[in-house]
Amino acid sequence: MAGGEPPIGTQAMLSLDGLRALIEALAERGYQVLGPTVRDGAIVYDEVAKLADLPSGWTDQQDAGRYRLERRTDNALFGYAVGPQSWRRFLHPPIERMWRAHRTEDGFAIDATAVEAEPSKFAFLGVRACEIHAIAIQDKVLVEGPYVDTGYQRRRRDNFLVAVNCGQAGGTCFCASMNTGPKVDAGFDLALTELLDESDHRFLIEVGSVAGAEVLSALRHHAASPEDIAAADAVVARTAGSMGRVLDTKGLKELLQSNPTHPRWDDVAARCLSCANCTMVCPTCFCTTVEDHSDLTGQTAERVRRWDSCFTADFSWIHGGSVRPETKSRYRQWITHKLASWIDQFGTSGCVGCGRCVTWCPVGIDITVEAAAIRATPATSTETDHGRT
Amino acid sequence: MTEADPFVPLPYRVGRVRRETRDITTLELAPVTGVRPDYRPGQFNMLYAFGIGEVAISVSGDPAVPGGYVHTVRDVGAVSGAIAKLKAGAMLGLRGPYGTPWPVEAAEGNDVVFVAGGLGLAPLRPAIYRVLARRERYGRVVLLYGTRSPPDILFRQELERWRRRLDVEVLVTVDRADAEWRGNVGVVPKLIARAGFDPNGAVAMVCGPEVMMRFTANALHASGLALDHIYLSMERNMKCAIGLCGHCQFGPDFVCKDGPVMRYDRIADILTVREI
Ligand code: SF4
Ligand code: SF4
Ligand code: FES
């Protein structure tokens, strides 16, 4: 390693000024710095130009169908759990033009190059452990399969991730059940643990990559003492011990896959609005649809890709009908995909336990409660409809 | 966007167009530049009509014939309707070929049973061509075909030609006969008992509406075929065809990449679940 940069795994101490310098250092390196900000009563990820853009002294109260920001008694900058958005909106945007085409004398031509070159050098500041896992899951789906989502790959390539170890679990969090947190273990460039008491506000910073080492070397920092490290470990241990929810994952895949006719699906369907909120807030959901348009003259056309949801009627449409007309089959598809078939498809659960789908469901349907209900009374044999017409 | 972007269709030009039935059209498509990639029987392409959209259509031509693709399209919506109406010389976009093939090589040495319902004969036709081209490698070859009514019979001349061959047994049935029809009436699984094949080792390739395939697979199994010798071509909504959009999920499988051709023993359970 050149220039005496700190090796990967180095733990050091950074002051509040050091954090300010970190934001500046990332901007100087050409990154668009995105991080938590307060907007419309929620923590949302947006541009962070300066330290004051971060949500100082805020926390959140989360429960099924409920989210509220509240003041803290201190000035913690990361004293809340995850908000409604995830980093997915930057890496896998809600709307994306795939290409344009125009008519020619003898047909048409597709201008793949007409796709705007977007500023794609993102630095994410404040990425939680569950979110790092969510990004890794989307990497698996979108770039590690037989075909690559080239747009996602491009946006992801030059990512710089500044992670934060959670100092407090949200009311709907269950990352400890999913083994995705609250401690960040890999997949970051730099990781922060916020330490604050009456006398001091500082961060333990850990180097996770060569790029992270280079950035840290440009910041004023000093070595972490064993006491500092113990204090940071205590923060994470406290968070791990105060999860808002629990999900028993033992045998969960087989449990869900062997219960497609469980009466609980009717029960949840009576409450579910099929509104798709849960899929819009989930950091791992990747489903999209495409729309083709042409202008009024019919001379140019374009293809636009949008986030889609398995809760819509169009999603499974073939030959004038939906494969899943009923809400119960849509909810079953969603939860079975997240917690079971995702494992068949990508070797990992599709749920990182961030709790967003629980918090943002307008009627408070809770993935942990629904899974537990199936577990409580599993059907022994599944009735089938062999030979049905 | 790189050159290898899997979302960008390539230009193809429509050659000969053939009106098969009231609502089914066969189009020959040739690449505007370069050569058509090799494909295997059972695979499909995403066909794009300018400004209207894209739709997944199985290849229906003979894979041994170089040059282009042959696709057989039923006019059932805005996109398939626009494609079915294209004239010779028109351009369309094409991505592919995608998906799993029929097990034509694996079936060598055994009897082969093709069972088609309606337009399902089109995705099977490349496999039929392939088997007939190497006829000596197979045991008995049976084609069972059912459709709504006599005017809906697809590839009629070809069916007649195959029926005249002594080494292929072709049985056709219709749901509703008309005044001239002297043939079978009823659903296609009923033909299974009448066809001459040895269920021991026979391989069945089935394509048609899902309900028809379910009944057919049950009847084939009841007649003695092993579950893992029965193959179905599944259909689901498809937007990307490359495993990225999520639409085509069928239990743990993506029909676009784990299908469309799927072995029955792997999907038999899930096929019985309503709205899966
Ligand atoms: S399913 Fe719910 S808890 Fe799990 S990752 Fe998605 S939004 Fe978070
Ligand atoms: S579970 Fe809740 S958020 Fe998801 S579709 Fe149903 S009502 Fe909407
Ligand atoms: S069609 Fe998009 S994942 Fe299969």
Side-chain angles (χ1 to χ4, degrees), chain A residues 98-99 101 103 106-110 112-113 115 141-142 145-151 257 260-261 285-295 298 300-301 303 305 308 310 314-320 323-326 328-329 332-333 337 340-341 343-345 382 384-389, chain B residues 1-13 32 48-54 74 76-79 89-93 98 209-211 214-215 218 235-254 256-258 268-276:
Chain A
M98 309 303 284
W99 42 260
R103 285 218 185 270
D106 62 346
F108 60 86
I110 290 176
T113 50
V115 173
V141 175
L142 298 171
Y147 290 93
V148 169
D149 184 325
T150 47
Q257 287 178 331
T261 56
C285 273
F286 60 87
C287 289
T288 52
T289 187
V290 287
E291 292 168 4
D292 290 277
H293 307 286
S294 58
D295 66 353
T300 64
R303 167 163 302 170
R305 181 167 77 168
D308 203 358
C310 52
D314 279 353
F315 189 82
S316 60
W317 199 267
I318 33 171
H319 308 309
V323 170
R324 300 184 201 104
E326 293 181 66
K328 71 170 178 182
S329 54
R332 179 186 66 195
Q333 166 63 24
H337 186 216
S341 42
I343 298 170
D344 292 310
Q345 296 167 349
T382 56
T384 62
D385 63 347
H386 254 293
R388 243 171 44 95
T389 46
Chain B
M1 187 135 323
T2 63
E3 270 173 271
D5 197 305
F7 288 104
V8 177
L10 296 173
Y12 273 66
R13 202 170 291 289
V32 170
Y48 167 70
F50 182 81
I52 300 176
E54 216 178 29
R74 172 179 280 156
V76 284
V79 185
M91 190 185 274
L92 51 61
Y98 298 125
E210 200 166 307
V211 179
R214 209 164 61 207
F215 278 100
N218 277 343
E235 195 172 7
R236 281 295 179 269
N237 184 304
M238 289 195 196
K239 294 295 181 197
C240 74
I242 53 179
L244 300 178
C245 79
H247 277 253
C248 66
Q249 286 178 82
F250 174 58
D253 292 320
F254 289 88
C256 69
K257 57 177 190 182
D258 304 310
D269 283 345
I270 213 158
L271 204 55
T272 64
V273 178
R274 288 187 55 215
E275 300 189 15
I276 196 75

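Everything quoted here is computed from the prediction, not taken from an experiment.
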Turns out that what part of B:Ile276 lies under 4.5 Å from chain A's heavy atoms comes down to both
Would you call the rings of A:Phe108 and B:Tyr48 parallel, tilted or perpendicular, where under 30° means parallel and over 60° means perpendicular? perpendicular
Heavy-atom distances under 4.5 Å only: say whether A:Glu291 touches chain B with side chain, backbone, both or neither. neither
Tell me, side chain or backbone of A:His293 under 4.5 Å from chain B's heavy atoms, or both, or neither? backbone
Identify which part of B:Glu235 has an atom lying under 4.5 Å from any heavy atom of chain A, answering side chain, backbone, both or neither. both
Toward chain B, the part of A:Thr289 with a non-hydrogen atom under 4.5 Å: both
Holding to salt bridge (charged side-chain N to carboxylate O under 4.0 Å, His left out), I want the full list of residues that pass it with A:Asp292, two or more places apart in sequence or in another chain. A:Arg303
In terms of heavy-atom proximity below 4.5 Å to chain B, should A:Arg103 be classed as side chain, backbone, both, or neither? both
Between B:Ile242 and chain A, which part of the residue has a heavy atom less than 4.5 Å away: side chain, backbone, both or neither? both
From CD (A:Gln257) to CG (B:Asp269), nearest 0.5 Å: 11.0 Å
Most contact-rich option vs chain B, by heavy-atom pairs under 4.5 angstrom, among A:Ile343, A:Asp314, A:Asp308, is A:Asp308
Are side-chain heavy atoms of A:Thr288 and B:Lys239 found at a separation under 4.5 Å? no
Keeping B:Arg13 on the side-chain end and A:Asp106 on the backbone end, is there a donor-acceptor pair under 3.5 Å? yes
Would you say that B:Pro6 contacts A:Thr150 through its side chain, given a criterion of any heavy-atom pair below 4.5 Å between the two side chains? yes
Output for pair (A:Ile318 CD1, B:Cys248 SG), nearest 0.5 Å, gives 11.0 Å
Just so I understand: if I count every heavy-atom pair under 4.5 Å between each of B:Arg74, B:Gln249, B:Arg236 and chain A, which residue has the most? B:Gln249
Contacts of A:Thr300 meeting side chain to side chain contact (heavy atoms under 4.5 Å, CB included) (sequence neighbours excluded), chain-then-number -> A:His102, A:Asp295
Measuring only between side-chain heavy atoms, which start at C-beta, is A:Ile110 closer than 4.5 Å to B:Pro9? yes
Any heavy-atom pair between the side chains of B:Lys257 and A:Tyr147 that's under 4.5 Å? no
Greatest number of non-hydrogen atom pairs under 4.5 angstrom with chain B, of A:Gly145, A:Ser341, A:Pro146, falls to A:Ser341
Check whether A:Arg332 reaches the backbone of B:Glu275 with its side chain - one donor and one acceptor, N or O, closer than 3.5 Å. yes
Mind checking the CZ-CG spacing from A:Phe286 to B:Leu244? Nearest 0.5 Å is all I need. 8.0 Å
B:Tyr98, part contacting chain A, at a heavy-atom distance under 4.5 Å: side chain
